[in-house]
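Beneath this line is the structure, given in structure tokens, with notes to follow.
Only this structure's heavy atoms are used, side chains among them; waters, hydrogens and symmetry mates stay out. To find a chain, count down the sequence lines: A is the first, B the second, and so on, and within it residues start at 1.
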Protein chains: 2
Amino acid sequence: MKLQRDDAGGDAVTKRATPHYKVIKRSISDAVKKGDLKPGDRIPSEAELVARFNVSRMTANRALRELQAAGVIVRHAGKGSFIAEPAPIGQLIEIRNIADEVRERGHAWRARVVRNDEERADAETAALLQVSLGTRLFHSVIVHHEDDLPIQLEERFVLASIAPEYGQRDFTRATPNEYLTRIAPIERVEHRVSATMPDEQTRTLLTLATDEPVLRMTRRTWSRGRLVSHAWLTHPGSRFELSAAFAIDDRC
Amino acid sequence: MKLQRDDAGGDAVTKRATPHYKVIKRSISDAVKKGDLKPGDRIPSEAELVARFNVSRMTANRALRELQAAGVIVRHAGKGSFIAEPAPIGQLIEIRNIADEVRERGHAWRARVVRNDEERADAETAALLQVSLGTRLFHSVIVHHEDDLPIQLEERFVLASIAPEYGQRDFTRATPNEYLTRIAPIERVEHRVSATMPDEQTRTLLTLATDEPVLRMTRRTWSRGRLVSHAWLTHPGSRFELSAAFAIDDRC
DNA sequence: GCCTGAAGATTGTATAGTCAACTGCGGTTG
DNA sequence: CAACCGCAGTTGACTATACAATCTTCAGGC
């Protein structure tokens, strides 16, 4: 007695039945969105879903397991499944690759390499990269343009041992970020964003007005257990915005 | 011929076997981290995993399906499974509730409510909330302190119809954000972050030095299909940083 | 040479059942 | 009364099998 994929409705609609596990997922996350189910509420057990939707337990299990992975519900063996507290930890903002972002807006991305030298870590840079004095580093300064308008100043320090060819790369074609993510699998990234007033050199390179503040992002990346790169990404406050949208639907 | 949960090793270790599907997931994501598998590489099919790990196809399927959900691999019926491109869209930054954040740092959170009035939408606010002129709104201005030091100015407009008690709430105890997320299920949130110079009132309320820039976050939230709140969250550039760390391990 | 169609590989979905581990409850026992 | 035991409900992990949809490959026919 096999279900033939059109069991639920039974009437018209021969086009394409939605999978059973998705039907169950939707029925629950819709109830959450409508407010019928609130955080802490108990939801039907797998056995009850088996009876109500006429599916096997594996199918009900898959629906609930995916809802748990999405953070919609929490489950506990022996007790049951319950609606989760709503995203207790705040929202997320997306940080993109500057070149992709510019191109996606339909503009041309251009980069001017101000410097790209190999040097030995002094007191300051050794602290930044958590290495000992004299460690070989690359130090690059690049200005990124959107249609000839400078929108990002990138100053970056990279461990020479992890990226020996960094000094020879042509960063007018692909960003250091693109190069580094390709040669070294990134294990961890840390971002910090703050608003400051630029120093004289930054003001010149980004052609800023005298009173214009900048949005400065500090990005550190780890690979194979080591901190491999430290970058300051500086944007004119007037010509750049970090932005992101987050929709609950993504979780269902 | 049932496997008794200690099949793999067979020798010591009676403590607690890791589930088979997790063993498979780790073996693949470890190979990605070590660099043995690179983006675009083909990984064993479900049938091959069945043979290699001596599990049923459903178990191999679960491992691969979860790796796909995590964005580690991409799968295509008829072709096979392949290592995904490395997070093609950038990293994510976390945006937290200001009160939680302050408390987590071990400091006291305090709020001063500068105003919290009901008003009718004028041209400017009607545009912000995408409503018609004269719609009833609440308009609140709150200064958040970390141990008596002002760290956030929150100016917020809220649809009165969705939160009729907003004007009576005591926001020195719980933030508007906490209140709103409790009474209305949030469907969508949009954030924009930029660096600007503050106006005179902002400078006064946050006790800023004359040349100090601010980090301004614009947050809009939707509930039940409507834009219900528009907020400007303004931080002194010198006393606040958005930050976030992202580890690949989270996906496995 | 080129189109067609069959076969095989691969993933997607689903069923039916098993054993294990955890939780809460009620009844039994000391 | 309190401690213990066992049972029912629940989730977690797994097996074995089945059929459908999609894609590749290759042989056969024109």
Rounding to an integer number of Å, can you tell me how far E66(A) CD sits from dT11(D) P? 16 Å
Tell me, please, which residues at least two apart from F138(A) pass ring pair (Phe, Tyr, Trp, His ring centres under 6.0 Å). Y166(A)
Under the side chain to side chain contact (heavy atoms under 4.5 Å, CB included) rule, what do R220(A) and Q130(A) come out as? Steps first, then yes or no, please. CA-CA 11 Å; R220(A) 301 196 293 170; Q130(A) 303 171 357; 3.5 Å; yes
Against the side chain of R75(A), the closest entry in dA16(C), dG12(D), dG12(C) is dG12(D)
Take the protein atom CZ of R65(A) and the nucleotide atom C1' of dA14(C), then report the distance between them rounded to whole Å. 13 Å
Given atom CG of N61(A) and atom P of dT15(D), what is their separation to the nearest angstrom? 15 Å
Can you tell me the distance, in whole Å, between the OH atom of Y21(B) and the P atom of dA13(D)? 4 Å
For dT13(C), does either OP1 or OP2 sit under 4.0 Å from a side-chain N or O belonging to R62(A)? yes
M58(B) CE to dT15(D) P, straight-line distance once rounded to whole Å: 11 Å
In chain order, what residues pass the ring pair (Phe, Tyr, Trp, His ring centres under 6.0 Å) check against H230(B), with sequence neighbours excluded? W232(B)
Measuring from H107(B):NE2 to E101(B):CD, what's the distance to the nearest 0.5 Å? 12.0 Å
Atom-pair distance (CD1 on I24(B); C1' on dC14(D)), nearest Å: 11 Å
Does dT15(D) have OP1 or OP2 sitting under 4.0 Å from an N or O in the side chain of R57(B)? no
Salt bridge check, R62(A) against E66(A): does any charged N sit closer than 4.0 Å to a carboxylate O? yes
For a quick test of reading the model: is some side-chain N or O of S81(A) closer than 4.0 Å to OP1 or OP2 of dT11(D)? yes
Tell me whether the side-chain N/O atoms of H76(B) come closer than 4.0 Å to OP1 or OP2 in dT11(C). no
What residues from residues 39-50 of chain A pass a heavy-atom cutoff of under 4.0 Å to DNA chain D? R42(A), S45(A), E46(A)
Holding to ring pair (Phe, Tyr, Trp, His ring centres under 6.0 Å), I want the full list of residues that pass it with W222(A), two or more places apart in sequence or in another chain. none
For H144(A), which residues count as a ring pair (Phe, Tyr, Trp, His ring centres under 6.0 Å) partner, sequence neighbours excluded? W109(A)
When you compare the side chains of Y179(A) and R169(A), does any donor N or O come within less than 3.5 Å of an acceptor on the partner? no
Nearest-Å distance, NE2 (H20(A)) to P (dG12(C))? 18 Å
Nearest of dT11(C), dA16(C), dT13(C) to any side-chain atom of A77(B)? dT11(C)
Every protein N/O within reach of nucleotides 3-5 of chain C N/O, cut-off under 3.5 Å:
none

Within this structure, what is the CD-NE2 distance for the pair E154(B) and H235(B), rounded to the nearest 0.5 Å? 9.5 Å
For the pair made of NZ in K79(B) and P in dG8(C), what is the distance, rounded to whole Å? 22 Å
Respond yes when some side-chain nitrogen or oxygen of T59(B) is under 4.0 Å from OP1 or OP2 of dT15(D), and no when none is. yes
First locate atom CG of L64(B), then atom CG of L49(B), and finally report the distance between them rounded to the nearest 0.5 Å. 5.5 Å
